[in-house]
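These values consider heavy atoms only, across backbone and side chains, with no hydrogens, waters or symmetry-generated copies.
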Amino acid sequence: MHEYNLLEILAVGFASALLLGYCATRIGLSPIVGYLVAGFLVGPHSPGFIADQGLAHQLSEAGVILLMFGVGLHFNTKDLLAVKGVALPGAIAQSTVATLLGAGAAHLLGVGFGAGLVLGLGLSVASTVVLLRVLEDNGKLETVDGHIAVGWLIVEDIFTVVVLVLLPSLAPVLLGEVAADALTLGKAFGLAILRLVALWVVVLVVGGKVVPWVLTKIVRTRSQELFTLTVLVSAFATAVFAAKFFDASMALGAFLGGMVVGKTKLSHQAGADVLPLRDAFAVLFFLSVGMLFSPSFLLEQPLLILLCLSVVLLCTPISALLV
């Protein structure tokens with residue numbers, strides 16, 4: 001017997017997403033809702049067909065990479081700097097409020113300080129994929145509000161990278177095993193910032209010279225397949241490079257790779273080539289998220305879920321509105 005896990009995910013997952021996405025659209029909801037429900041139905045917490053969750057997660061990462069690469073194609077450093085007055089303080093304020101409220105909610109339920117802080121940090125960052133899809137569906141990605149939202153997301157992504165670098169150093173302190181060491185934390189923080197700056201310089205400066213040259217050479221071959229393949233290499237190679245060598249997120253790496261290609265004269269063609277693949281793999285992202293939903297957890301932790309929902313749906317929007 002042969003195992004066809006990949007083909008099963010593509011066949012059953014896409015079919016389920018198509019049906020339920022259509023149903024969600026017909027009743028006035030975003031098709032994303034249908035994709036999430038489809039993911040639950042093919043996931044481990046529902047009866048019937050169960051897809052390979054690990055494989056689905058890896059495929060979903062491809063969707064995140066292509067989506068962020070596509071956003072980077074239409075974004076440049078000037079756009080980021082233009083919205084820094086709102087995006088920077090907004091992301092910092094919103095993340096701080098969500099982190100503190102999440103940790104406070106966990107404390108009320110008897111959760112330890114370390115676990116509560118991690119929960120708060122998890123609540124403090126928005127889903128880049130979800131927000132970008134909503135902005136695109138409503139035609140607002142290229143507006144001023146859309147640019148502010150994207151800049152806000154990039155700041156949150158950088159914040160997340162810094163937090164992930166700091167957590168290993170913070171873990172013994174949060175668990176109460178050792179006292180806080182300012183020198184150790186300072187070194188970890190400095191290293192995180194240094195990695196991000198180095199990534200930015202390498203991708204935008206070095207990549208800004210290499211990628212246009214390669215694209216020009218490929219275009220002269222008049223091969224559409226080679227051009228599409230070059231664009232995909234730019235997206236995935238930059239994302240993996242950022243994760244492996246700089247401990248950054250693949251999403252941030254793909255975004256920077258998109259900015260490099262976006263500076264060339266071939267950016268529109270690159271965007272047209274990536275669009276169909278991006279949409280298909282983005283569906284797999286929502287399927288993989290739907291697979292994580294466990295109905296039993298609703299019964300086990302109803303108060304925790306309500307408190308987390310109040311932070312996400314009420315507190316963070318109010319803090320963003322004030323900024």
Testing the basics here: between [X] and [Y], what is the closest heavy-atom pair and its distance to 0.1 Å?
| X | Y | value |
| --- | --- | --- |
| Val155 | Ala91 | CG1-CB, 3.4 Å |
| Ala24 | Pro31 | CB-CA, 4.3 Å |
| Thr230 | Val214 | CG2-CG1, 4.0 Å |
| Glu136 | Leu141 | CG-CD2, 3.5 Å |
| Ala270 | Val231 | CB-CG2, 3.8 Å |
| Ala149 | Leu135 | CB-CD1, 3.8 Å |

Applying the 4.5 Å side-chain criterion to the ILVMFWY set and letting contacts propagate, would [X] and [Y] be lumped into a single cluster?
| X | Y | value |
| --- | --- | --- |
| Val37 | Val42 | no |
| Phe297 | Phe40 | yes |
| Leu36 | Leu309 | no |
| Met250 | Val233 | no |
| Val206 | Leu196 | yes |

Could you check whether any side-chain heavy atom of [X] comes within less than 4.5 Å of a side-chain heavy atom of [Y], counting everything from C-beta outward?
| X | Y | answer |
| --- | --- | --- |
| Val261 | Leu266 | no |
| Gln224 | Asp273 | yes |
| Phe293 | Leu298 | yes |
| Cys23 | Ile27 | no |
| Met291 | Pro44 | yes |
| Val283 | Phe14 | yes |

For this session: Run the numbers on Leu287 and Ile9 for side-chain contact (heavy atoms from CB on, under 4.5 Å), then give the verdict.
Result: CA-CA 10 Å; Leu287 284 174; Ile9 290 175; 5.7 Å; no

Got a donor-acceptor contact below 3.5 angstrom from the [X] side chain to the [Y] backbone?
| X | Y | value |
| --- | --- | --- |
| Glu156 | Ala126 | yes |
| Thr316 | Val311 | yes |
| Ser46 | Leu41 | yes |
| Ser95 | Ile92 | no |
| Ser288 | Phe285 | yes |
| Ser30 | Val33 | no |
| Thr238 | Ser234 | yes |

For this session: Establish, yes or no, whether a centroid distance under 6.0 Å links the rings of Phe236 and Phe69.
Result: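 Ring centres of Phe69 and Phe236 not closer than 6.0 Å.
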
For this session: Let me know which of Leu153, Ile154, Leu73, Val150 forms a side chain to side chain contact (heavy atoms under 4.5 Å, CB included) with Met68.
Result: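 Single side chain to side chain contact (heavy atoms under 4.5 Å, CB included) partner of Met68 among Leu153, Ile154, Leu73, Val150: Ile154.
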
Exercise. Are more than 12 heavy atoms from other residues, nucleotides or ligands located less than 6.0 Å from atom NE2 of His45?
Worked result: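 Enclosed: over 12 neighbouring heavy atoms sit under 6.0 Å from NE2 of His45.
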
Exercise. Does a sphere of radius 6.0 Å around CZ in Phe227 hold more than 12 heavy atoms from other residues, nucleotides or ligands, not counting ones at 6.0 Å or beyond?
Worked result: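 For Phe227, atom CZ is crowded (more than 12 foreign heavy atoms under 6.0 Å).
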
Exercise. Taking it one step at a time, do Leu88 and Val83 satisfy side-chain contact (heavy atoms from CB on, under 4.5 Å)?
Worked result: CA-CA 8 Å; Leu88 186 59; Val83 300; over 6 Å; no

Would you compute the distance between atom [atom1] of [X] and atom [atom2] of [Y] and round it to the nearest 0.5 angstrom?
| X | Y | atom1 | atom2 | result |
| --- | --- | --- | --- | --- |
| Met259 | Trp200 | CE | CH2 | 5.0 Å |
| Lys209 | Leu204 | NZ | CG | 12.0 Å |
| Leu252 | Phe246 | CG | CZ | 11.5 Å |
| Leu132 | Lys140 | CG | NZ | 14.5 Å |
| Lys217 | Leu215 | NZ | CG | 12.5 Å |
| Leu100 | Leu123 | CG | CG | 11.5 Å |

Exercise. Given the rule in the side-chain contact (heavy atoms from CB on, under 4.5 Å) test, do Leu109 and Leu307 qualify, once you have shown the distances and angles that lead to the verdict?
Worked result: CA-CA 10 Å; Leu109 298 177; Leu307 288 173; 4.0 Å; yes

Problem set entry | Cys308 vs Leu119, side-chain contact (heavy atoms from CB on, under 4.5 Å): CA-CA, chis, key distance, verdict | CA-CA 9 Å; Cys308 290; Leu119 174 63; 4.2 Å; yes

